[in-house]
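Notes for the one structure printed next.
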Amino acid sequence: MDSNSKGLGDLQGILSKLDYLNDGTQHSLGIDAIWFSPFFKSPDYDYGYDISDYCQIDPRYGSLDDFQQLLEEAHERSIKVIVDLVVNHTSHLHPWFLESRSSRDSSKRNWYIWEDGRGKKNRPPNNWRNHFFGPAWTWDEKTEQYYLHSFLSEQPDLNWRNPEVMEAVGDVIRYWLNFGVDGFRLDVAHHYSKDQKMRNNPLFFAGWKDSTVKFFSDRTFMAGLMKLFALPTMQIGKYNQHQPETHEILKGFRNIFNQYPGTTSVGEIMGDNPELIASYYGQHSDELHMNFYFEMLHLRWKASAFRRCVDRWEKALPSGSWPAHALSNHDITRAISRYDFDNRGDDRARLLMLMLLTLRGTPFIYYGEEIAMREAKLSREDLRDPVGLKWYPLHEGRDGCRTPMQWSGDINAGFSNAKPWLPLGPDTDQYNVSVMDSDQQSILSFTKKLIWMRKEMPALLEGEYKAIGEVVSSKHCFCFERSAGKQRLLIYLNFSLQRQNVDLPGGNFAGRLLLSTNHERKSENNLSTVNLDGLEGCIIEICP
Ligand code: NOJ
């Protein structure tokens with residue numbers, strides 16, 4: 001929400017919408033925490049993921065006073081605030097990097113990763129590629145060495161083997177914890193530490209068995225296809241990701257978090273192997289509190305794919321820990337649009353919301369998901385994201401999921417009086433907060449009901465998860481049980497378009513329908529079988 005007619009969302013704008021998020025009553029969404037993508041000082045080559053001062057708010061978004069006020073008012077509403085910790089890299093304009101690149105003798109030279117060129121042709125030190133395009137090394141004319149950047153050349157990687165870096169980042173973490181934030185999302189934490197010998201990464205097809213097979217089983221066709229096209233340039237991040245020393249860094253962070261009870265962390269740690277991702281919770285719960293498992297953002301619309309994904313992740317997690325689940329974020333096409341192939345997107349959106357809010361763990365709702373906001377189709381001129389700017393029209397980049405929140409049917413969807421920084425998504429007249437707030441049957445009303453219901457249900461908040469039936473029988477429906485103490489809930493999700501009759505597990509009990517994605521369904525008691533409409537999901541309480 002833009003508060004000062006500049007076309008960009010800002011902290012005061014968010015402040016004005018806190019009541020929408022949680023005003024303590026069931027009229028509001030009822031969320032418990034906000035994760036903010038970075039709003040720190042940044043030249044903005046990558047949506048703020050290139051920070052030039054970790055302890056200042058970028059003036060476009062507001063001031064430290066605004067953030068202080070936001071924290072206070074959020075806390076008054078029992079909303080916790082998590083900020084983005086982007087410390088694999090800084091901006092190339094961060095004073096640390098400016099100092100580091102000033103000369104080979106700089107006191108901060110070793111805060112970043114500098115290497116000589118190879119051979120007579122002065123080639124880059126190894127074959128590592130950055131995630132956006134091209135080599136991960138850029139030649140610095142002045143000091144005649146290459147520096148490493150896992151993303152843009154405007155995002156040089158910090159050297160995590162240097163203890164001074166750990167100290168400086170520790171200070172940043174303490175600064176924000178003292179300021180009052182409740183935790184951090186850790187950007188690309190699997191990248192922190194790099195191979196000391198700087199060895200070449202193996203090419204992607206060297207690992208085809210591990211990767212390709214999985215890509216074409218549960219993953220969307222597009223995800224598989226893109227990988228295939230990119231094959232010749234792709235590599236396995238054997239030496240620039242998931243190095244063992246990263247665990248030590250995370251333990252250091254956790255020691256700091258532990259000094260601030262009630263704070264939390266969630267990692268953006270990517271990889272195909274759930275055991276590897278789970279290892280970042282720490283063998284003794286001494287690393288991250290939570291980690292995203294990104295597999296779920298790439299699944300085909302199949303009950304069995306979701307079931308397998310959740311089971312895999314549940315199995316891999318160390319006991320005593322729990323998952324962080326998300327279906328969308330600022331880097332990927334909105335889930336609703338990924339699955340909107342036959343005009344049944346709205347029904348799928350409800351089904352996904354029901355799944356997200358009933359699985360074990362902490363659910364992350366991406367802004368707008370609660371109003372079924374769609375991905376925007378943007379033209380070349382509208383793009384801001386460096387990925388889209390480079391690859392358009394092959395790849396439109398990530399701007400389509402970053403468009404302004406749709407508050408109302410007014411001009412600019414009520415987001416701003418000025419031209420918004422990105423165009424609006426489609427059908428804003430239909431998909432906006434104001435319209436949906438006054439409709440008891442909208443996805444927004446459904447989401448509110450579900451969130452407030454969840455708060456009252458120990459089985460949903462902290463109960464066990466158990467999938468029901470065999471995977472082979474999950475062709476149409478993904479069914480699972482959540483239980484805590486005496487409370488037992490069955491969640492039945494019909495991914496197919498056809499009606500499905502699903503039996504309740506045997507035993508001497510009857511089921512009571514608590515909630516369905518189908519608002520026309522009346523309450524039902526004494527159930528032994530549930531008849532689900534196509535794309536319907538429901539929660540059933542087992543009454544002994
Ligand atoms: C992951 C973030 O989610 C993405 O938006 C960003 O481009 C990269 N990290 C680099 O920071």
Side-chain angles (χ1 to χ4, degrees), residues 9 34-54 58 61 82-94 96-97 112-113 128-136 138 147-158 160 169 172 183-194 237 240-242 246 265-271 277 280 288 290-298 324-335 364-367 375 383-392 395-403 421-422:
I34 312 175
W35 151 34
F36 285 108
S37 41
F39 45 46
F40 309 106
K41 206 155 174 256
S42 158
D44 208 14
Y45 283 79
D46 180 21
Y47 197 47
Y49 281 95
D50 49 322
I51 296 172
S52 56
D53 187 338
Y54 286 107
D58 196 289
Y61 301 121
I82 292 174
V83 294
D84 221 308
L85 187 68
V86 188
V87 291
N88 170 67
H89 44 268
T90 67
S91 156
H92 67 312
L93 299 182
H94 194 291
W96 297 344
F97 188 67
Y112 293 83
I113 299 172
W128 298 356
R129 300 183 66 82
N130 75 58
H131 282 283
F132 293 156
F133 27 81
T138 287
Y147 67 86
L148 180 73
H149 50 91
S150 300
F151 296 86
L152 299 174
S153 57
E154 290 85 3
Q155 294 168 299
D157 281 27
L158 282 161
W160 277 95
V169 171
V172 171
F184 298 89
R185 173 259 191 191
L186 279 69
D187 190 60
V188 291
H190 51 299
H191 260 290
Y192 289 171
S193 187
K194 319 288 189 296
N240 61 346
Q241 298 178 27
H242 298 293
T246 297
S265 55
V266 53
E268 186 207 28
I269 294 195
M270 301 194 182
I277 310 294
Y280 292 94
L288 293 172
M290 290 177 281
N291 214 346
F292 288 118
Y293 178 47
F294 288 97
E295 188 87 12
M296 198 183 265
L297 283 75
H298 299 279
H325 286 298
L327 293 162
S328 303
N329 68 29
H330 61 289
D331 288 331
I332 185 167
T333 307
R334 286 175 176 273
F364 284 71
I365 300 174
Y366 187 49
Y367 80 91
E375 188 83 2
L383 299 185
R384 300 284 188 118
D385 176 28
V387 177
L389 287 168
K390 168 80 185 178
W391 293 112
Y392 192 86
H395 189 305
E396 288 165 7
R398 302 167 291 180
D399 289 321
C401 65
R402 298 174 177 180
T403 56
W421 72 291
L422 279 178

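Please read these numbers as outputs of a predicted model, since none were measured by experiment. One-based numbering, in listed order, for ligands and for the atoms of each.
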Residue pair His89 / Ser150, side-chain donor-acceptor N/O under 3.5 Å: no
Side chain, backbone, both or neither: the part of His89 lying under 4.0 Å from ligand 1 by heavy atom: side chain
Derivation and outcome, ring-ring contact (aromatic ring centres under 6.0 Å, His included), residues His92 and Tyr147: CA-CA 11 Å; His92 67 312; Tyr147 67 86; 8.7 Å; no
Closest protein heavy atom to atom 7 (O) of ligand 1, given as residue, atom name and distance to 0.1 Å: Asp46 OD2, 2.6 Å
Side chain to side chain donor-acceptor pair (under 3.5 Å) assessment of His149 paired with Tyr112: CA-CA 9 Å; His149 50 91; Tyr112 293 83; over 6 Å; no
Parallel, tilted or perpendicular: ring planes of Tyr280 versus His242, cut at 30 and 60 degrees: tilted
Qualifying residue for side chain to side chain donor-acceptor pair (under 3.5 Å) with Lys194, from Asp157, Thr246, Asn240: Asp157
Whether Tyr47 lies under 4.0 Å from ligand 1, heavy atom: no
Tyr54 and Thr90: side chain donor to acceptor below 3.5 Å: no
Atom indices of ligand 1, in the order listed, that fall short of 4.0 Å to a heavy atom of His330: 2 (C), 3 (O), 4 (C), 5 (O)
Nearest non-hydrogen protein atom, atom 5 (O) of ligand 1: Asp331 OD1, 2.7 Å
Side chain, backbone, both or neither: Tyr45 near ligand 1, heavy atoms under 4.0 Å: neither
Those atoms of ligand 1 less than 4.0 Å from some heavy atom in Asp187: 1 (C), 2 (C), 3 (O), 9 (N), 10 (C), 11 (O)
Contact check, Arg398 vs ligand 1, heavy-atom distance below 4.0 Å: yes
Location of contacts on Arg185 toward ligand 1, heavy atoms closer than 4.0 Å: side chain
Numbering as shown, the atoms of ligand 1 that approach Phe132 to under 4.0 Å (heavy-atom distance): 7 (O)
Val86, Val87, Leu85, Ile51 screened by side-chain contact (heavy atoms from CB on, under 4.5 Å) with Asp187, the one that passes: Val86
Residue, atom name and distance, where the atom is the protein heavy atom closest to atom 8 (C) of ligand 1: Phe151 CE2, 3.8 Å
Cation-aromatic face contact Arg398/Tyr47, 6.0 Å, 45 degrees: no
